[in-house]
Amino acid sequence: MYFYDTYTREKREFVPLKPGEVGLYTCGPTVYNFAHLGNMRTYIFEDLLRRTLEFNGFQVKHVMNITDVGHLTSDADTGEDKMEKGSRRTGMTAWQIADFYTAEFRKDMARLNIVEPTIWSRATDHIKEQIEFIRCIEAAGYTYQTSDGVYFDTSKLPTYGYLGRLDIEGLQAGMRIDMGEKHNPTDFALWKFSPGDQKRQMEWESPWGVGFPGWHIECSAMSAKYLGSFFDIHCGGEDHITVHHTNEIAQTEACYGTRLANFWMHAYFLQLDDSVRMSKSSGDFLRVETLVEKGYDPLAYRMFCLNASYRQKLNFSWEGLDAAAKSLDRLRAISHELGDPSVVDEDYLDRFSEMVDDDLNMPRAIALVWELVRSDLPEGVRKATLLKFDTVLGFGLADWKPSVEEAPAEVVALLTQRQQARAEKRWQDADALRDQITADGWELMDTPEGPKLKPRK
RNA sequence: GGCGACGUGGCCAAGUGGCAAGGCAAGGGUCUGCAAAACCCUGAUCACGGGUUCAAAUCCCGUCGUCGCCUCCA
């Protein structure tokens, strides 16, 4: 297998650190609001990665964090905690918010056929680990304290910013962030003190004072706990390259001297057609629920994503989603008509493996799917091979069945009349009756097995 | 202002040195009383201008255009 590693900026062969096992850490949601389709693109990518690893026979230990504290509204470390802000907005407590949006997130994952991680880890369940991690960094001499928190001194780490190829000088020059009491623009909070004049909903005792952990420390602490100080793959969205992941690496380098993960993989952004930013903070955004409300199967969005490379920005449009929905419908129908699976075709399987193992080249894998289903292999072989592919693609083809909706009695009556008219070759009457049925919202098809009705879309 | 990415048929999108995948749409055809569905067939020389090379969509330079990050973001 070959994956593109952001750290080295090259596609290189993936070899697990421990034979047969893979430690995978994927940055999860900050649960202060719903996840939008852009977020879900990243989770779909990670799902494909996970499925591909398992397809190759690896045992994957997959950890996903739930950020339920400490993620500020600004990376300048001066902003408000997102959870507290969400609490004000909704009237729920910070804890209720976290539970609510975590549940919503898992619902969206399920609707997109995303496999759940082996371990969910909530930041607030690991305060002790995070404090210990900060102490480790402090003992190594990389911290300093200001009036509002404990900070990481990035100037003491020569390798700081390597992942993002940060131009520190340039950052200083074009700086647009409020430094506060920080020594360097890239320094970041490890622990923030609760404001003296108010009590936060989420706060804990620490050696430095009552407060809460910074956003980046949770990933270093929790990944170390579950996967060790150096594990196989760490994933996230492209926006995490320059700040979040850079800081995670800094923390772990300070404490353990490793760059945290052997491979760093990042999914690129989904962009909206009209160039409207799809950020959580803009308030109005597309999410899985939006698709459902519009009558789309969420898996159409999965198909939409699989048609493009994860390392390329992808433009979302309703036209594009329609195309994906249509092709998914066809694939499902074809799959269903292929009947029962027999044996997998080894040649197709080899070609498929080569594609997905080449940095998850899903567009090519999908193209191979079409070639397979239209090949002249026996139906059972095509079906068996397709289902094998689907363990990676994740369309749930094995379980799909055409929906059988009963037409209302009046429509059935019209159909009966039409059959009568046809039998008597009164074609005009037959056509008029079909128009009537169409107007009632049903599509009529004459098949070798007789007429069939299905709801019009 | 700093950094970076991209520009492939009507739309989306693979391919990154050796005859340009796939999906959706469109046109033609088979089937059908008609239609639908299904199936078959058809189309791009890769923004533009130079250069390197036996050979470039793929490498280099320039121009134009679009977009992203540097501020919350996956």
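Atoms considered below: every heavy atom in the structure, side chains included; atoms not considered: hydrogens, waters and symmetry mates. Here is the naming used below: chain letters follow the sequence lines, and residue numbers restart at 1 for every chain.
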Length of the [atom1]-[atom2] vector between [X] and [N], whole Å:
X      : N      : atom1 : atom2 : value
A/Y101 : B/rA74 : OH    : P     : 14 Å
A/E354 : B/rA21 : CD    : C1'   : 14 Å
A/F389 : B/rG22 : CZ    : C1'   : 14 Å
A/D429 : B/rC34 : CG    : C1'   : 14 Å
A/L314 : B/rC67 : CG    : C1'   : 14 Å
A/F316 : B/rA13 : CZ    : C1'   : 16 Å
A/D359 : B/rA14 : CG    : P     : 12 Å
A/M303 : B/rA14 : CE    : P     : 15 Å

[X] ring center near [Y] ring center (under 6.0 Å):
X      : Y      : result
A/F14  : A/F263 : yes
A/F193 : A/F212 : no
A/F304 : A/F316 : yes
A/Y7   : A/Y162 : yes
A/Y226 : A/H126 : yes
A/F188 : A/H216 : yes

Write down the distance separating the [atom1] atoms in [N] and [M], rounded off to the nearest Å.
N      : M      : atom1 : answer
B/rC54 : B/rG17 : C1'   : 12 Å
B/rG22 : B/rC39 : P     : 15 Å
B/rG33 : B/rC19 : P     : 47 Å
B/rC59 : B/rC46 : P     : 15 Å
B/rA37 : B/rA57 : P     : 38 Å
B/rC48 : B/rG43 : C1'   : 23 Å
B/rU8  : B/rA14 : C1'   : 10 Å
B/rC6  : B/rU58 : P     : 13 Å

Of all the choices, [options], which nucleotide is nearest to the side chain of [X] once you look at every atom?
X      : options                : result
A/P363 : B/rA14, B/rA36, B/rC24 : B/rA14
A/S309 : B/rC24, B/rG22, B/rA14 : B/rA14
A/N361 : B/rG15, B/rA25, B/rC67 : B/rG15
A/A308 : B/rA13, B/rC34, B/rA36 : B/rA13
A/Y43  : B/rA74, B/rA13, B/rC67 : B/rA74

Quick one: which protein N/O atoms are closer than 3.5 Å to N/O atoms of nucleotides 5-11 of chain B? Pair and distance per line, please.
none

Between A/R111 and A/E289, is the closest basic N to carboxylate O distance under 4.0 Å?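 Salt bridge flag = yes for A/R111 with A/E289.
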It should be established whether A/R374 places a side-chain nitrogen or oxygen under 4.0 Å from OP1 or OP2 of nucleotide B/rG23.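 It does, given that an N or O in the side chain of A/R374 lies less than 4.0 Å from OP1 or OP2 of B/rG23.
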OP1 or OP2 of B/rG4 under 4.0 Å from side-chain N/O of A/R165: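 No, outside the criterion.
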Any base atoms under 4.0 Å from [X], or only sugar-phosphate, or nothing? Heavy atoms, all strands.
X      : answer
A/H240 : sugar-phosphate
A/W370 : sugar-phosphate
A/T447 : nothing
A/L444 : base
A/R418 : base
A/R330 : sugar-phosphate

hbond_proxy A/D431 side chain to B/rG33 base (donor-acceptor, 3.5 Å cutoff):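 Side chain to base: pair found, below 3.5 Å.
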Would you kindly check whether a donor in the side chain of A/N315 faces an acceptor in the base of B/rC67, or vice versa, at under 3.5 angstrom?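 A donor-acceptor contact between them is absent.
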Can you confirm whether more than 12 heavy atoms, excluding those of A/D350, are under 6.0 Å from its CG atom?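 For A/D350, atom CG is crowded (more than 12 foreign heavy atoms under 6.0 Å).
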Heavy-atom count around A/E354 CD within 6.0 Å, excluding the residue itself: above 12?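 No - once you tally the heavy atoms of other residues, nucleotides and ligands closer than 6.0 Å, there are 12 at most.
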Between A/K326 and A/N307, which has a closest nucleotide on RNA chain B that is more 5'?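 Between the two, 5'-proximity favours A/N307.
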Position toward the 5' end of RNA chain B (nearest nucleotide), A/G237 or A/L368: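 Between the two, 5'-proximity favours A/L368.
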Only pairs with both distances under 3.5 Å count, Watson-Crick or wobble alike; so what is the partner of [N] in this structure?
N      : answer
B/rG49 : B/rC61
B/rA38 : B/rU30
B/rC54 : B/rG18
B/rC3  : B/rG68

With side chain to side chain donor-acceptor pair (under 3.5 Å) as the rule and sequence neighbours excluded, what pairs involving residues 428-440 of chain A come up?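 The answer is A/R426-A/D429.
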